[in-house]
Amino acid sequence: PQVTPPQAPVITKVVGGDQQISLYWNVSFDPAITEYRIYRAETEEASKDIRLMRQISSIGPFEVTWTDTEVVARKKYFYRITKVGLLRYE
């Protein structure tokens, strides 16, 4: 069967703080979503292909924010968030 992966959430806000970066997105009302996966890259080029990014966290389906505390001041980071469905499609 042909399976369509869930649509990725859109990051709506990014807030930098003292050695941390918080990401915010809209809640998903899809009951088939089991988790979010958060990826990070340190170059814009790597951020264009999720296979070149590093998964740094996975969190529950009802979360709408996550904070990266493993960052270095004045360094650029690029993030992507994916949804994972019941069949483990991302």
Side-chain angles (χ1 to χ4, degrees):
Q2 185 161 350
V3 177
T4 303
Q7 184 177 6
V10 175
I11 297 173
T12 58
K13 184 166 76 168
V14 178
V15 177
D18 185 27
Q19 295 187 335
Q20 67 181 25
I21 299 171
S22 296
L23 308 175
Y24 299 83
W25 58 92
N26 291 329
V27 68
S28 173
F29 295 104
D30 184 344
I33 300 304
T34 60
E35 68 180 290
Y36 289 108
R37 291 184 182 161
I38 300 164
Y39 293 83
R40 181 177 71 195
E42 295 184 4
T43 67
E44 187 173 3
E45 191 62 32
S47 73
K48 295 176 182 177
D49 184 344
I50 200 164
R51 296 170 297 180
L52 300 176
M53 299 181 80
R54 187 171 71 111
Q55 181 183 341
I56 55 174
S57 187
S58 76
I59 57 175
F62 302 108
E63 302 295 327
V64 293
T65 186
W66 179 82
T67 300
D68 188 352
T69 57
E70 297 182 20
V71 297
V72 176
R74 299 187 192 344
K75 188 170 185 176
K76 277 189 178 182
Y77 295 97
F78 301 85
Y79 295 91
R80 288 174 83 175
I81 302 172
T82 62
K83 293 179 188 175
V84 179
L86 289 172
L87 298 176
R88 308 309 298 159
Y89 288 102
E90 180 175 17

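Crowding of E63 atom CD: a count of heavy atoms from other residues, nucleotides or ligands under 6.0 Å exceeding 12. Applying the 6.0 Å contact sphere to CD of Q20 captures more than 12 heavy atoms from other residues, nucleotides or ligands.
For the atom pair M53 CE and R40 CZ, the distance stands at 9.5 Å (nearest 0.5 Å). Annotation: the span from I38 atom CD1 to I11 atom CD1 amounts to 8.5 Å, rounded to 0.5 Å.
Residue Q55 comes nearest to S58 through the heavy atom pair NE2-CB, 3.7 Å, listed as atom of the first residue, atom of the second, then distance. Residues Y39 and T82 approach most closely at CE1-OG1, 3.7 Å, considering heavy atoms. In terms of heavy-atom proximity, S22 sits nearest to Y24 at CB-CE1, 3.8 Å. The two atoms that bring Y77 and V72 nearest to each other are OH-N, 2.9 Å, heavy atoms only. Of all non-hydrogen atoms in V14 and L23, the two that sit nearest each other are CG2-CD2, 4.0 Å. The minimum heavy-atom distance linking S47 with A41 is given by the pair N-CB, 3.9 Å.
Ionic pairing of D30 and K83 is not present here: no N-O contact between side-chain nitrogen and carboxylate oxygen is shorter than 4.0 angstrom.
Both V71 and I56 belong to a single network of hydrophobic side chains, linked directly or stepwise wherever heavy atoms of I, L, V, M, F, W or Y lie under 4.5 Å apart.
With a 4.5 Å cut-off on side-chain heavy atoms, I21 and Y79 count as touching.
Shown here are the side-chain hydrogen bond (donor to acceptor under 3.5 Å, both in side chains) partners of R80, two or more places apart in sequence or in another chain: there are none. Partners of R51 according to the side-chain hydrogen bond (donor to acceptor under 3.5 Å, both in side chains) rule, which considers only residues two or more places apart in sequence or in another chain, are D49. Shown here are the side-chain contact (heavy atoms from CB on, under 4.5 Å) partners of A8, two or more places apart in sequence or in another chain: there are none.
Taking the ring centroids of Y36 and W25, they lie under the 6.0 Å cut-off.
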